[in-house]
2 protein chains.
Amino acid sequence: MEKQTVDSPLGLAIIGLLSIRPMSGYDLRKIFLTTGMKAFSASPGAIYPALRRLEKDGRIEGTVERKTTLRPRMVFTLSQKGRAAFVESLTRPVKREDVVRRMDNLLLRFSFMSELVGVDKIADFLRAFSTETEGYLRELEAEIREYAPGLSFSGRAALKQGIDSFRANARWARKTLAELKEHHPKKGGKK
Amino acid sequence: MEKQTVDSPLGLAIIGLLSIRPMSGYDLRKIFLTTGMKAFSASPGAIYPALRRLEKDGRIEGTVERKTTLRPRMVFTLSQKGRAAFVESLTRPVKREDVVRRMDNLLLRFSFMSELVGVDKIADFLRAFSTETEGYLRELEAEIREYAPGLSFSGRAALKQGIDSFRANARWARKTLAELKEHHPKKGGKK
DNA sequence: TGCAGCATGTAACCTGTTACATGATTAG
DNA sequence: CTAATCATGTAACAGGTTACATGCTGCA
């Protein structure tokens, strides 16, 4: 079987944006610099090598605009293979470890789902997201009950911040699932 | 002047833990594996090289227990220099960019503050944290107002998640600042 | 003409991941 | 004795950071 390509956060973000429309490296940079995707690196030293990796892997294709000059503008398009692999990666099961160590990756996956997978898959994602988040939340709550007395003021407060933050995520997932059901009632999704 | 040492997340976590008590690499691993610090790498391939870097830099000192055997146990202690540098790094100003791209680093810094800096510095930190978080929150809110119509269901929901999450952080900071004032009333801290 | 912004790239470096390897100690 | 756990490490690789470099384009 094909080797399991685990995307870097930046690679995944690029693929996701290209799934919306073809773009150049510079277009991607601007998005990372100016929108809510500021968490990703906008440095050319990260973006251009990432694009070349994805191209070598056959998941995107670059075509040169403005051929005549020495400074061409390359526009990248998601290939069929790339789109298929991306859809597959979007629907991978949500594990506890993803919630604990790769929350950013989960949210990134979610943000591109509507256009590429059915409503039922989105609902599955949100349900697993809730389950795992709430599970980890219980671990953290047990931990604070057990260790709180031994911790310093700021140590304890930092732990509470973690709990608050996972709690906000769990709430978000439940609310979003409810909205999803409201806007796409009853019968299954498009895929 | 000394070169500005920017710590890797793992390096900072290790220094912080060693500021509480001396430990071996294996002790650190266990903490990263079993406590709320799961977000850090517990792999030997990350921890042992990090310890060696910090030692070479003179910020920690390793002493061998159980000298006789081929598999020694090394216990690392924070040096005076290491402690001073750590305190300095804890009190560095909180910038907008820290909130946007290095939230984890900020929370890590905060978690070790009580034992090393005065109450007034902790309060400064929380105030700057609130200010910057709320500032970024307003940026995100402007963004969702402007772009929401053009976004897909999941794209919009992902943006909302970001807003929820920063909002939770802002609330946490204000609540924590209030608790701090309650428990350490009026007159300045120890440093 | 000159400058700001468009657009792409490279090189050195740092750090983390994965996988592998090794020996020591202790409980059953 | 032997398995689990303690304890430390290395090598190959991947990906991001910072700093630098270069050329094109439109406009004042």
Side-chain angles (χ1 to χ4, degrees), chain A residues 3-15 22-34 37-57 60 62-76 97-98 100-102 104-105, chain B residues 3-15 22-34 37-57 60 62-76 97-98 100-102 104-105:
Chain A
K3 79 158 174 285
Q4 173 96 341
T5 314
V6 176
D7 285 296
S8 70
L10 183 61
L12 197 66
I14 289 174
I15 290 276
M23 283 183 221
S24 70
Y26 195 74
D27 293 335
L28 292 163
R29 282 195 71 191
K30 275 188 300 187
I31 290 178
F32 295 143
L33 277 175
T34 62
M37 298 184 81
K38 285 193 190 35
F40 296 96
S41 172
S43 90
I47 288 179
Y48 293 103
L51 285 168
R52 240 170 294 123
R53 281 196 301 273
L54 293 171
E55 192 176 28
K56 212 167 67 180
D57 201 43
I60 66 176
T63 51
V64 182
E65 282 182 0
R66 225 166 47 191
K67 283 196 170 59
T68 54
T69 67
L70 289 177
R71 283 277 110 169
R73 179 186 145 92
M74 284 221 109
V75 174
F76 293 90
E97 228 203 303
D98 295 319
V100 176
R101 300 199 56 188
R102 282 183 294 273
D104 46 348
N105 183 71
Chain B
K3 78 158 175 284
Q4 174 94 338
T5 314
V6 175
D7 285 298
S8 71
L10 184 60
L12 196 68
I14 289 174
I15 289 277
M23 284 183 220
S24 69
Y26 195 74
D27 293 335
L28 291 164
R29 281 195 72 191
K30 273 187 301 186
I31 289 178
F32 294 143
L33 277 174
T34 61
M37 298 184 82
K38 285 193 189 36
F40 297 96
S41 171
S43 90
I47 289 178
Y48 293 103
L51 285 168
R52 240 170 294 122
R53 281 196 300 273
L54 293 170
E55 192 174 29
K56 211 166 66 181
D57 199 44
I60 66 176
T63 51
V64 181
E65 280 183 2
R66 225 166 47 192
K67 283 196 172 56
T68 53
T69 66
L70 291 179
R71 284 276 112 168
R73 179 187 144 93
M74 282 222 111
V75 174
F76 293 90
E97 229 204 300
D98 295 320
V100 176
R101 301 199 52 189
R102 282 183 294 273
D104 47 347
N105 183 72

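Below, read A as the first sequence line, B as the second, and so on, with proteins coming before strands; counting in each chain starts at 1.
One atom, CG of Leu28(B), and another, C1' of dA7(D), lie 12 Å apart when rounded to the nearest Å. Regarding Leu54(A), its CG atom lies at a distance of 14 Å from the P atom of dA14(D), rounded to whole Å. Atom pair Met74(B):CE and dG9(D):P shows a separation of 7 Å (rounding to whole Å applied). Residue Arg29(A) contributes atom CZ, which lies 11 Å from atom C1' of dG9(C) at whole-angstrom precision. We find that CG of Asp27(B) is positioned 10 Å from P of dC6(D), with the value rounded to whole Å. Regarding Arg52(A), its CZ atom lies at a distance of 13 Å from the P atom of dG16(D), rounded to whole Å. We find that CE of Met23(A) is positioned 13 Å from P of dT8(C), with the value rounded to whole Å. Between the C1' atom of dC20(D) and the OH atom of Tyr48(A) lies a distance of 15 Å, rounded to the nearest Å.
Look at Ser8(A) and you'll find a side-chain N or O under 4.0 angstrom from OP1 or OP2 of dG16(D). Checking the phosphate oxygens (OP1, OP2) of dG16(D), a side-chain nitrogen or oxygen of Arg53(A) falls inside 4.0 Å. At dG16(D), none of the side-chain N or O atoms of Arg101(B) fall inside 4.0 Å of OP1 or OP2 (strictly under the cut-off).
Residue contacts shown for Gly45(A) include a base, since a base heavy atom lies under 4.0 Å away. Heavy atoms of Leu10(B) sit under 4.0 angstrom from primed sugar atoms or phosphate atoms, though from no base atom.
Taking CD1 of Ile14(B) as the reference point, atom OG of Ser8(B) lies at 7.0 Å (rounded to 0.5 Å). Taking CZ of Arg29(B) as the start and OH of Tyr48(B) as the end, the distance is 6.5 Å to the nearest 0.5 Å. In this structure, CZ on Arg73(B) lies 10.0 Å from OG1 on Thr63(B), to the nearest 0.5 angstrom. How far CG of Leu51(A) is from CD1 of Ile60(A): 4.5 Å, rounded to the nearest 0.5 Å.
Checked against dG16(D), dT10(C), dT8(C), the side chain of Ser41(A) finds its nearest nucleotide in dG16(D). Checking dT10(D), dT17(D), dA7(C) against the side-chain heavy atoms of Ala46(A) singles out dT17(D) as nearest. Here dC6(D) is the nucleotide among dT8(C), dC6(D), dT17(D) with the atom lying nearest to any side-chain atom of Tyr26(B).
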Exercise for the section: Under the side-chain contact (heavy atoms from CB on, under 4.5 Å) rule, what do Ile31(A) and Phe40(A) come out as? Steps first, then yes or no, please. Expected result: CA-CA 10 Å; Ile31(A) 290 178; Phe40(A) 296 96; over 6 Å; no
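Checking Arg102(B) against Ser24(B), the closest nucleotide of DNA chain D that is more toward the 5' end is the one next to Ser24(B).
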